[in-house]
Amino acid sequence: MNNPGIAGMLHQLADYLEIEGENPFRVNAWRRAARAVENSRIPVVDMLDRLENLPGVGKGTAAVIREMATTGTAQVLEDLKRRIPPGLPVLLGIPGLGPKSLHLLHRELGISDLRDLVQAAEEGKIRNLPGFGVKKEQKLLEAIRKLGSRPNRRLLAEARQLADVVLRKLAGHPAVVRIEPAGSLRRGKETVKDLDFVVATEHPKEAGEAILAVSEVKEVTAKGDTKITVELEADGIRMSADFRLVAPEKFASAWLHFTGSAAHNVRIRQRAKELGWKVSEYGISDDRSGEERTFASEEAFYRALGLPYIEPELREDQGEFEAAEQNGLPDLIRPDDVRGDLHMHTVWSDGAETVYEMAVAARERGYEYIAVTDHSRSLRVAYGLSVDELMKQWEEIDRVNRELEGITVLKGAEVDILADGSLDYPDEILERLDVVIASVHSRLGLDEETMTDRILRAIKHPYVHIIGHPTGRLLGRRDPCKLDLDRLFRTAADTGTILELNADPRRLDLGDQLLRRACEEYGTLFVISSDAHSSAGLDRMAYGVITARRAWLEKRNVLNTLPLAELRKRLRKGRP
DNA sequence: GCCGTTTTCGGCCCGACTGTTTTCAGTCG
């Protein structure tokens with residue numbers, strides 16, 4: 001039983017209890033426990049004797065987690081399942097329908113699944129329930145119609161793209177003093193559910209009108225004096241967005257509040273409370289004097305609580321407060337620390353541009369070096385290079401290096417790890433390459449032991465520098481390969497093999513949690529690579545850097561922050 | 001159900017919006 005599985009069951013348990021009308025604080029306790037399991041970087045099956053160390057896990061939840069980990073379920077959960085129809089909890093996913101209403105619908109109308117609910121609404125039975133009316137009934141049907149019509153979460157890059165369109169349109173408006181994105185987009189989570197914007201304004205009415213006038217606003221969900229919720233759509237990406245309107249002097253407090261995460265905010269509030277203060281999204285007030293304080297910046301807000309500035313990517317209540325108190329916050333890697341990009345494709349395989357064009361584009365981005373790493377011969381779908389073609393490409397790379405000043409092009413390859421763990425070019429070719437990335441592109445469904453052995457063989461290979469997109473996941477589309485990651489991380493650290501953080505927003509592989517685990521527990525080294533297939537693709541590096549920051553990585557953990565000469569020394573591995 | 005150097009009880013973030021009410025309940029983040 002893995003962590004996501006156990007966390008899922010705990011959430012399920014919370015849902016059932018909520019529908020039964022259980023005390024909301026108790027329900028929340030189960031949710032907290034679920035999040036603690038989700039966020040634990042150690043599999044809980046490996047820490048069954050010290051589960052109570054997890055935040056929000058006490059005796060009761062620990063016992064249930066233990067039961068789930070060993071038997072695959074828990075008696076309390078099974079009992080609830082027997083009492084409550086299985087079709088009911090999924091209805092909590094309908095926007096606007098919460099546990100209280102669901103409880104009422106079940107009790108009064110005997111509704112036990114989606115079909116019952118639609119039927120009752122269409123027959124006009126719901127409008128007569130206390131607290132309901134015609135409008136709520138209609139909204140419910142509307143929400144059900146929209147259900148599943150779009151993905152629940154979008155890729156970080158898609159969210160960023162949509163947000164940028166809106167930001168560009170509103171930033172210059174006379175009623176808008178400042179507008180910034182907040183929420184999980186600002187924290188750089190790999191997927192984003194909805195967008196949050198904080199708007200500083202002296203004229204909320206005009207600012208609100210400006211927001212509604214943006215052509216990407218397709219629907220207004222809610223509109224008040226300080227908060228507007230809309231549906232945005234551009235380039236086929238549709239997302240819900242909240243705009244919060246605040247006076248300029250309250251902007252910093254609101255930005256902090258709406259950046260979250262919720263767990264981080266809880267800690268902020270607790271901390272303020274210990275000092276006799278109360279935090280709201282508008283600032284800090286003194287419990288006794290009632291005095292209100294606002295802040296010119298987030299830095300000032302944190303300072304008032306006796307804390308150093310905490311970067312948005314760290315605000316997950318994953319140890320950032322403890323680190324801050326001990327002056328141990330990481331000096332996070334920054335975009336301009338990156339000196340080169342070691343994974344990209346050209347027209348030689350499945351890329352869109354030439355070696356020269358990629359080199360020029362990389363130089364424009366301030367890079368000192370790149371590695372051209374086209375696919376190897378077995379990857380037919382991506383026009384993988386034969387040995388002959390590879391050697392011809394070297395001539396072209398030599399030519400580009402002679403012609404171009406200010407950037408060095410390294411000879412590389414993204415070599416397939418074949419099903420048995422052997423590599424797709426002979427050793428005498430690999431030996432002559434500056435950068436060898438070994439990646440799995442086929443037979444992704446092998447069992448854990450076979451897959452682990454396969455990748456370990458590549459990691460131990462003397463000419464392999466980097467393991468590309470180590471888990472093979474595609475966000476929202478393909479699960480990670482089954483792998484013994486601890487063995488993989490340990491072996492990579494022992495052999496000096498570098499793990500890739502592939503910055504393709506569909507991959508972000510390794511992801512933030514695994515990066516942090518590999519770094520903190522094994523001291524593994526990383527490169528961040530764009531895996532670009534065109535010059536525009538080089539800009540995906542930004543998503544890699546933000547993911548690295550979420551993993552608490554510093555410049556020293558990431559080798560493509562090194563100057564070329566030092567990088568070359570690090571790439572010596574296995575060579576005489 | 002969890003938590004705690006104001007600790008074994010009594011809190012647990014709290015403000016905004018909608019639709020139902022006619023002062024508030026439910027939902028959301």
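All chains are named by letter (A, B, ...) in the order of the sequence lines, taking the proteins before the strands, and each is independently numbered beginning at 1.
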For K59(A) and A222(A), find the nucleotide of DNA chain B closest to each by heavy atoms; which residue's nucleotide sits nearer the 5' end? K59(A)
Residue closer to the 5' end of DNA chain B, P130(A) versus R32(A) (nearest nucleotide): R32(A)
Nearest-Å distance once atom [atom1] is located in both [N] and [M]:
N       : M       : atom1 : value
dC13(B) : dG19(B) : C1'   : 24 Å
dT18(B) : dG11(B) : C1'   : 29 Å
dA25(B) : dT20(B) : C1'   : 8 Å
dT7(B)  : dC2(B)  : C1'   : 13 Å
dG15(B) : dG10(B) : C1'   : 23 Å
dC3(B)  : dT8(B)  : C1'   : 10 Å
dG1(B)  : dT5(B)  : P     : 23 Å
dT23(B) : dC28(B) : P     : 26 Å

Under 4.0 angstrom, heavy atoms only, what part of the nucleic acid is [X] near: base, sugar-phosphate, or nothing?
X       : value
D225(A) : sugar-phosphate
Q270(A) : nothing
V27(A)  : nothing
V220(A) : nothing
P95(A)  : sugar-phosphate

Rounded distance in Å - [atom1] ([X]) to [atom2] ([N]):
X       : N       : atom1 : atom2 : value
E142(A) : dT18(B) : CD    : P     : 16 Å
L92(A)  : dG26(B) : CG    : C1'   : 13 Å
F258(A) : dC14(B) : CZ    : P     : 14 Å
N23(A)  : dG10(B) : CG    : C1'   : 12 Å
D242(A) : dT27(B) : CG    : P     : 18 Å
R35(A)  : dC12(B) : CZ    : C1'   : 13 Å
H257(A) : dA16(B) : NE2   : C1'   : 10 Å
Q138(A) : dG19(B) : CD    : C1'   : 14 Å

Quick check on the 6.0 Å ring-centre criterion: do Y282(A) and H257(A) meet it? no
If you compare every side-chain N and O of [X] against the phosphate oxygens of [N] (OP1, OP2), does one of them come in below 4.0 Å?
X       : N       : answer
K227(A) : dC28(B) : no
K139(A) : dC17(B) : no
S101(A) : dT27(B) : yes
R26(A)  : dG1(B)  : yes
Y282(A) : dA16(B) : yes
K135(A) : dG19(B) : yes
T61(A)  : dC2(B)  : yes
T221(A) : dC17(B) : no

Taking the cut-offs as 6.0 angstrom to the six-membered ring centre and 45 degrees off its axis, would you call R244(A) and W255(A) a cation-pi pair? no
Measure from NZ or CZ of R269(A) to the centre of the six-membered ring of W277(A) and say whether it is under 6.0 Å with the direction within 45° of the ring axis. no
Is the closest basic N to carboxylate O distance between D164(A) and R160(A) below 4.0 Å? yes
Taking atom types as modelled and ignoring hydrogens, do the side chains of D531(A) and N502(A) form a donor-acceptor contact shorter than 3.5 angstrom? yes
Partner of I284(A) under side-chain contact (heavy atoms from CB on, under 4.5 Å), picked from I268(A), V279(A), T294(A), is V279(A)
Considering Watson-Crick and G-U wobble pairs with both distances under 3.5 Å, what does dT8(B) pair with? none
Do the rings of Y302(A) and Y309(A) sit parallel, tilted or perpendicular, given the 30° and 60° boundaries? perpendicular
